[in-house]
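Read through the structure below, which is laid out as structure tokens, and then see the notes.
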Amino acid sequence: MRHVIALDVGGTGMKAALVGTDGTLLHEARRATDRERGAEAVIESILAFAADLRAHGEEHLGESAVAAGVAVPGIVDSAKGIAVYAANLGWRDVPLRALLAERLGSVPVALGHDVRTGGLAEGRIGAGRGTDRFLFVPLGTGIAGAIGIAGTIEAGAHGDAGEIGHIVVRPEGPDCSCGQRGCLETLASAAAVTRAWAAASGDPGADAADCAKAVESGDPAAIEVWQNAVDALAAGLVTALTLLDPGTLIIGGGLAEAGETLFTPLRAAVEERITFQKPPHIVPAALGDTAGCLGAGLLAWDLLSTEVSA
């Protein structure tokens with residue numbers, strides 16, 4: 001059966017699948033990255049996982065994968081197939097596309113940024129399906145974004161488009177790792193809510209999910225922490241709306257798991273801030289943690305389509 005390999009590489013684990021021509025997941029697997037052993041071990045783990053997936057396809061589907069798609073975090077040069085930098089994986093300038101192509105017997109390989117790849121899946125087959133213009137914003141340890149235009153993701157001139165997490169929303173706010181102060185991700189990411197709630201509750205082990213539960217139970221301190229994050233997020237999103245005019249905002253990541261505890265006040269906060277802008281549909285992501293893997297499969301099929309048309 002004709003299929004491609006799809007790999008989503010995270011900071012601690014990898015999600016993978018063999019994906020059929022109609023997007024069906026024919027086989028799924030997960031594996032650790034082995035990052036505690038260093039960058040070289042991570043790279044070898046990726047290559048070995050891909051090779052095992054190829055072998056599984058040969059044994060159970062009757063043929064080898066015709067292409068592979070890989071999503072990785074950090075800075076990615078998709079055009080050159082290079083994983084430029086990822087702090088949580090410890091690598092720099094890894095020619096991952098070439099290494100994978102060699103390990104997989106010279107099949108075509110597509111390399112993509114994890115958030116943009118996840119956004120591609122959400123836009124085509126998830127919450128943004130049928131939407132011509134959307135912005136996908138996962139709220140996790142940090143905040144990033146993927147700009148969807150007519151079924152594709154805009155990478156930007158240098159591969160950095162969509163970095164909404166580094167919009168400054170509070171100029172006197174906390175220091176950000178990027179060198180600025182008051183960036184959106186320092187105030188409205190799941191990590192930011194975790195820090196704020198741990199301080200407010202006096203419990204160093206408390207996290208964003210605990211804060212959401214406390215909000216639902218009416219805790220005033222939790223409500224204040226939560227609303228501060230929502231207000232910051234709304235400010236950043238309205239800036240993005242002004243620049244991009246998307247029809248749909250797709251919110252994902254760990255913070256979105258709070259459901260309407262997040263979405264009800266967020267929709268209200270965005271509505272309060274917009275003036276001339278058209279209000280977008282604000283919806284939760286549909287694909288969860290499978291978005292990156294599904295998007296990697298789409299990248300692989302897109303690569304084959306491009307080669308055929310060329």
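Everything numeric here is computed off the predicted structure, so don't read it as measured data.
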Test item: I274 and L241 side chains (from C-beta on) under 4.5 Å apart, heavy atoms: yes
Under the 3.5 angstrom rule, does the side chain of E122 hit a backbone N or O of F136 as a donor-acceptor pair? no
A side-chain contact here means heavy atoms from C-beta on lying under 4.5 Å apart; do D302 and R124 qualify? yes
Donor-acceptor under 3.5 Å (W226 side chain, T261 main chain): yes
Only pairs under 3.5 Å count here: list side-chain donor-acceptor contacts from residues 2-16, not counting sequence neighbours, and write none if there are none.
unit_1	atom_1	unit_2	atom_2	d
H3	ND1	M1	O	2.8
H3	NE2	A65	N	3.4

Any heavy-atom pair between the side chains of L139 and V137 that's under 4.5 Å? yes
Is the backbone N or O of D207 less than 3.5 Å from a side-chain atom of D210, with the two atoms forming a donor-acceptor pair by type? yes
Does any N or O in the side chain of T117 come within less than 3.5 Å of the main-chain N or O of H113, such that one atom is a donor and the other an acceptor? yes
Check: E185 side chain, G165 main-chain N or O, donor-acceptor pair, under 3.5 Å: no
Does E58, at its CD atom, have more than 12 non-hydrogen atoms belonging to other residues, nucleotides or ligands within less than 6.0 Å? yes
Is any side-chain heavy atom of L18 closer than 4.5 Å to one of L25? no
If you count every heavy atom of other residues, nucleotides or ligands that lies below 6.0 Å from E224 atom CD, does the total exceed 12? no
S78 side-chain N/O to L111 backbone N/O, donor-acceptor pair under 3.5 Å: yes
Is the count of non-hydrogen atoms from other residues, nucleotides or ligands lying under 6.0 Å from E260 atom CD greater than 12? yes
Under 4.5 Å between side-chain heavy atoms, hopping through other hydrophobics if needed: is there a path connecting L47 to W91? yes
So, T152 side chain and I149 main chain: donor-acceptor pair closer than 3.5 Å or not? yes
One pair to check against side-chain contact (heavy atoms from CB on, under 4.5 Å): I153 and I147. What are the steps and the verdict? CA-CA 6 Å; I153 300 297; I147 303 165; 5.6 Å; no
Is the count of non-hydrogen atoms from other residues, nucleotides or ligands lying under 6.0 Å from R129 atom CZ greater than 12? no
Is it the case that S217 and D219 place a side-chain donor and acceptor less than 3.5 Å from each other? no
Is the shortest distance from a Lys or Arg side-chain nitrogen in R103 or E44 to a carboxylate oxygen in the other one below 4.0 Å? yes
With distance as the sole test, does R181 use its side chain to make a donor-acceptor pair with the main-chain N or O of D175 at under 3.5 Å? no
Give the cluster check for L53 versus L303: same hydrophobic cluster or not, with ILVMFWY residues linked at side-chain heavy-atom distances below 4.5 Å. no
Evaluate the side-chain proximity of H166 to E163: yes if any heavy-atom separation is below 4.5 Å, no if none is. yes
Same cluster or not: are V72 and L298 linked, directly or through other Ile, Leu, Val, Met, Phe, Trp or Tyr residues, by side-chain heavy atoms under 4.5 angstrom apart? no
For H60, does the NE2 atom have more than 12 heavy-atom neighbours from other residues, nucleotides or ligands under 6.0 Å away? yes
Heavy-atom distance under 4.5 Å between the side chains of F276 and T242, does that happen here? yes
Using side-chain contact (heavy atoms from CB on, under 4.5 Å), reason through D34 and R37 one step at a time and then give a plain yes or no. CA-CA 6 Å; D34 291 333; R37 293 169 50 211; 3.3 Å; yes
Within the side chain of T131, is there an N or O that forms a donor-acceptor pair under 3.5 Å with the backbone of R133? no
